[in-house]
Structures are given as structure tokens and as C-alpha cells.
Amino acid sequence: MKGLLIAGWADSLINFRGPLIAAMQARGVQMHVAAPGLAAGDPIRQALEERGVTVHSVPLARTGTNPLGDLRSLIALWRLMRRIRPDFVLGYTVKPVVWGSLAAWLAGVPRRHALITGLGYAFQGEGQRGLLRRIVQSLYRVALAKVHTVFFQNPDDLALFQSRKLVRPPTAAVVVAGSGVDVRHFAPEPLPGGPACFLLIARLLGDKGVREYAEAASSVRRRHPGTRCLLVGWIDGDNPDAIARHELERWIERGDIEYLGRLSDVRPAIAQCNVFVLPSYREGTPRTVLEAMAMGRAIITTDAPGCRETVVAGDNGLLVPVRSAEALAEAMAALAADAAERQRMGERSRQIALAKYDVDLVNDAMLRAMGLPPDPAAPVSAQGLPS
């Protein structure tokens with residue numbers, strides 16, 4: 001059996017889908033992947049090929065609405081599928097889902113699947129975003145009518161797609177627990193002593209709540225001297241919602257934020273903190289939160305789709321309203337003043353990660369829904385959460 005995984009961002013094939021690719025290979029699937037920027041000699045291409053994956057570089061712009069460019073992507077994907085003849089195709093993020101699904105239908109691929117990892121920029125805000133949202137929704141409606149299974153990472157996104165008739169029978173809609181997390185790789189680390197240390201890991205976008213985090217950090221540091229507020233990520237210049245460089249420099253100069261840059265391995269940063277913060281406006285299921293949970297950290301995040309799925313309020317963390325720097329500051333201050341609560345919540349986070357978000361459990365559920373044979377080595381899915 002041959003499978004084709006289509007991504008809009010090459011890095012995600014290893015960082016986010018590496019375990020999924022391995023799970024498919026464990027079931028005897030000959031895996032192909034397609035993404036832009038995977039020319040010969042590229043480190044990501046080499047790493048994938050070392051894992052026995054056949055790699056294809058395709059023209060696929062991650063952002064933008066150039067019709068000619070998108071037509072080029074559709075044709076390139078159709079030609080690729082006609083050449084390799086996959087038994088199934090799975091695309092994730094907007095353009096791989098839209099153009100990959102349509103190309104797979106045109107090429108006669110027997111089984112076609114899509115993964116909605118979040119709704120992103122086009123589904124949030126009004127004005128110019130409102131026009132973009134209507135375009136994206138129309139494309140989703142057409143493309144998802146051509147697939148057999150659509151996976152969602154939280155029930156809110158599924159409900160939204162169903163209410164707007166973007167996904168309808170006979171297409172099957174399945175909710176999975178995000179992308180999962182490797183609970184062995186992200187092993188528990190002891191909480192650091194001393195004053196509270198907070199951490200946000202995200203692309204530096206407004207919709208990730210980075211501005212609210214910086215404002216809350218300033219407030220908490222005044223009330224609790226010695227508190228540290230770390231930030232890991234990078235300015236995504238291709239995204240119109242990106243934080244400006246001068247904003248980041250101002251937060252650093254004031255001492256509100258300790259900026260650690262973009263890290264290939266975030267575990268040392270998580271080990272430094274004792275509370276993880278993600279004030280995002282909307283997510284699929286935030287991978288960074290799952291990583292922090294697996295390492296035993298209390299979580300502060302927003303009562304927003306995707307984010308709220310990761311926190312039982314008062315149990316493993318706190319939920320705050322979207323776009324409220326004041327509420328975020330209050331939540332951070334409450335945990336800054338209570339080391340015992342940080343410890344207790346962190347232990348609960350690890351338990352929930354093991355029971356619900358173990359990547360092996362998530363991938364097994366997803367591949368069963370795709371009709372792939374079960375992996376006899378996969379763990380049995382846990383029933384519910386530990387008390």
C-alpha cells in the first residue's frame with residue numbers, strides 16, 4: 001500500500017507528523033510526502049529519506065491567494081498522484097487540504113482524507129479577513145465534498161464546519177485529540193525553585209495572544225518582583241498578523257520579556273518554567289500546550305476552541321477570556337503566589353497527557369478511522385481520565 005501525505009510547511013513533516021508517518025510505516029504503508037522547498041540536499045528531505053520516506057518537492061505557497069499559483073499547485077499535485085498512484089492521500093492545513101483533495105479526486109485516488117489542524121488567520125476577524133474567510137470557506141466546501149474522512153482536532157471546529165455546511169454526509173467527520181505528544185520524549189522535569197517562571201511558545205502572531213502575554217507579564221512582574229516571563233518563537237514574516245520587530249524589542253528593553261528566539265528543541269525552555277501560558281484566540285489543539293503538559297507544567301490558556309480542550313479549570317490549569325490581558329495577568333499572579341498549586345496542577349497535566357494525548361493513542365485512533373489495519377504494538381486506548 002502507498003500513502004501520500006501533503007504539507008504546506010516542510011518542517012511540520014518531522015516536527016508534527018513524524019510519529020504519524022512512522023505509525024503508517026509500521027502498518028506496512030510505503031510512505032510518500034509532498035511539500036514545498038524540499039530540494040535535493042535539504043536537511044528535512046535527508047532526514048525523511050533516512051526514515052525510508054519518498055520525498056517530493058511541489059510548488060505550494062503556504063499563504064497568498066494567487067489563482068495562477070494555486071492552479072499550478074493543483075496541476076503539480078495531480079501529476080504527482082498520477083505518477084505514484086497512492087492508495088490514499090492525507091492533506092493538512094488549508095492549501096494541502098483544498099488543492100490536495102481536489103487533485104486526488106481528479107487523479108482517482110481510492111481513499112482521500114483531510115486533517116483540519118486549526119482555522120487560523122482567515123477564520124478570525126472582519127474586514128479584509130471577512131472576504132478571505134468567504135473565499136476559504138467556499139474552497140473548503142468544494143474540496144471536502146471530494147474526501148471520505150475529515151479529521152478535526154476539537155469539537156468546536158467540527159461544529160463550525162457543520163453549521164456552515166462545509167462538511168456534509170457522506171463525508172465522515174471524526175474528532176481526534178490533536179496531533180498527540182510523545183510522552184516519552186517530553187518526559188517530566190522537576191519544577192525549578194525560586195520565583196514563578198512563565199513561558200509562551202508560539203509563532204509571534206497577534207492571534208496567538210503574544211501582545212496580551214507581554215502586557216500581562218509587565219503587570220505580574222510589578223506585583224511579584226523576580227517573576228520571569230519567557231518567550232520562544234519567531235516572527236512569521238509571511239503572515240499579515242505577525243508581531244512587528246519593534247514591538248518585540250520594546251518588550252525586551254523594558255525587561256518584561258526574556259526572548260529565547262526560535263528553538264529546535266523546546267524541552268530546555270519548558271524545563272526552566274513552572275507555568276506554561278498560551279493566550280491564543282483559537283487553535284486546533286495546541287501542540288506546545290501538550291508538550292508542556294507532558295513535562296508536568298500547569299497551564300494557563302484561553303477559553304477558546306482547541307485551547308479549552310487541554311485544561312480542566314482548577315485541575316491542571318486556569319482558563320481566561322480571549323483578548324483579556326487583565327484576566328491573564330490575574331491568573332498568572334494567582335499561580336505566581338502559590339508554588340504548591342503550580343506543583344499540583346503540573347502533576348495533573350502529566351496524568352492527562354498520558355491518558356488522553358499520548359501520540360500513539362491518537363495516531364492509532366486516526367489510522368483506524370482511515371481504514372488502515374491496527375498496529376499490534378499500539379497501546380490500548382485509555383477510557384476517560386484518571387481521577
Side-chain angles (χ1 to χ4, degrees), residues 1-63 69-70 72-118 143 146-151 153 176 178-180 182 264 284 287 359-360 362-364 366-367 369-372 375:
M1 179 180 288
K2 290 182 184 178
L4 174 63
L5 187 65
I6 307 172
W9 181 39
D11 289 34
S12 67
L13 288 166
I14 293 177
N15 295 339
F16 292 93
R17 307 296 156 213
L20 179 62
I21 292 171
M24 291 176 173
Q25 291 174 312
R27 287 161 169 78
V29 179
Q30 179 186 341
M31 282 304 300
H32 294 248
V33 300
L38 287 173
D42 181 86
I44 297 171
R45 183 185 188 113
Q46 292 176 343
L48 287 164
E49 289 175 341
E50 288 171 0
R51 302 180 186 192
V53 178
T54 303
V55 181
H56 308 273
S57 187
V58 292
L60 188 65
R62 188 162 60 93
T63 60
D70 289 339
R72 183 178 173 224
S73 299
L74 175 64
I75 293 171
L77 289 168
W78 174 79
R79 286 176 174 168
L80 172 63
M81 294 176 203
R82 293 288 292 175
R83 185 171 78 249
I84 67 175
R85 295 290 183 179
D87 296 286
F88 70 86
V89 166
L90 172 65
Y92 62 96
T93 68
V94 178
K95 292 197 175 186
V97 166
V98 170
W99 306 122
S101 299
L102 291 175
W105 174 67
L106 292 170
V109 175
R111 298 295 297 177
R112 304 177 293 276
H113 311 284
L115 171 60
I116 308 300
T117 56
K146 310 301 183 186
V147 305
H148 299 93
T149 314
V150 184
F151 294 97
Q153 295 194 331
V176 293
S179 301
D182 186 336
S264 58
R287 172 70 173 271
V359 69
D360 292 333
V362 174
N363 287 340
D364 186 60
M366 188 170 175
L367 297 184
M370 292 172 64
L372 294 180
D375 178 3

Please report the closest heavy-atom contact between [X] and [Y], naming both atoms and the distance.
| X | Y | result |
| --- | --- | --- |
| Leu90 | Met24 | CD2-CE, 4.1 Å |
| Ala10 | Ala35 | CA-CB, 4.1 Å |
| Pro36 | Ala7 | CD-O, 3.5 Å |
| Met366 | Leu115 | CE-CD2, 4.1 Å |
| Ala103 | Leu74 | N-CD1, 3.6 Å |

Legend entry - Asp87/Arg111 salt bridge by N-O under 4.0 Å criterion: no
Legend entry - Pair Arg17 + Asp11, salt bridge at N-O below 4.0 Å: no
Is the backbone N or O of [Y] less than 3.5 Å from a side-chain atom of [X], with the two atoms forming a donor-acceptor pair by type?
| X | Y | result |
| --- | --- | --- |
| Ser101 | Val98 | no |
| Arg51 | Ala22 | no |
| Arg45 | Leu38 | yes |
| Ser12 | Gly8 | no |

Inset, instruction - Taking atom CH2 of Trp105 as the centre, report whether more than 12 heavy atoms of other residues, nucleotides or ligands fall under 6.0 Å from it. - result: no
Is any side-chain heavy atom of [Y] closer than 4.5 Å to one of [X]?
| X | Y | value |
| --- | --- | --- |
| Met81 | Leu4 | yes |
| Arg287 | Asn15 | no |
| Ile84 | Thr54 | no |
| His113 | Val150 | no |
| Gln30 | Met1 | no |
| Ile6 | Tyr92 | no |

Inset, instruction - Show the numbers, then the answer: is there a side chain to side chain contact (heavy atoms under 4.5 Å, CB included) between Phe151 and Thr149? - result: CA-CA 6 Å; Phe151 294 97; Thr149 314; 3.7 Å; yes
Inset, instruction - Determine the interplanar angle of the Phe16 and Trp9 rings, folded into 0 to 90°, and report it as parallel if under 30°, tilted if 30 to 60°, perpendicular if over 60°. - result: tilted
Legend entry - Gln153/Ser179 under side chain to side chain contact (heavy atoms under 4.5 Å, CB included): CA gap, chis, key distance, verdict: CA-CA 8 Å; Gln153 295 194 331; Ser179 301; 3.0 Å; yes
Inset, instruction - Report the distance from atom CG of Asp360 to atom CG of Leu20, rounding to the nearest 0.5 Å. - result: 11.0 Å
Legend entry - Partner residues of His148 under the ring-ring contact (aromatic ring centres under 6.0 Å, His included) criterion, sequence neighbours left out: none
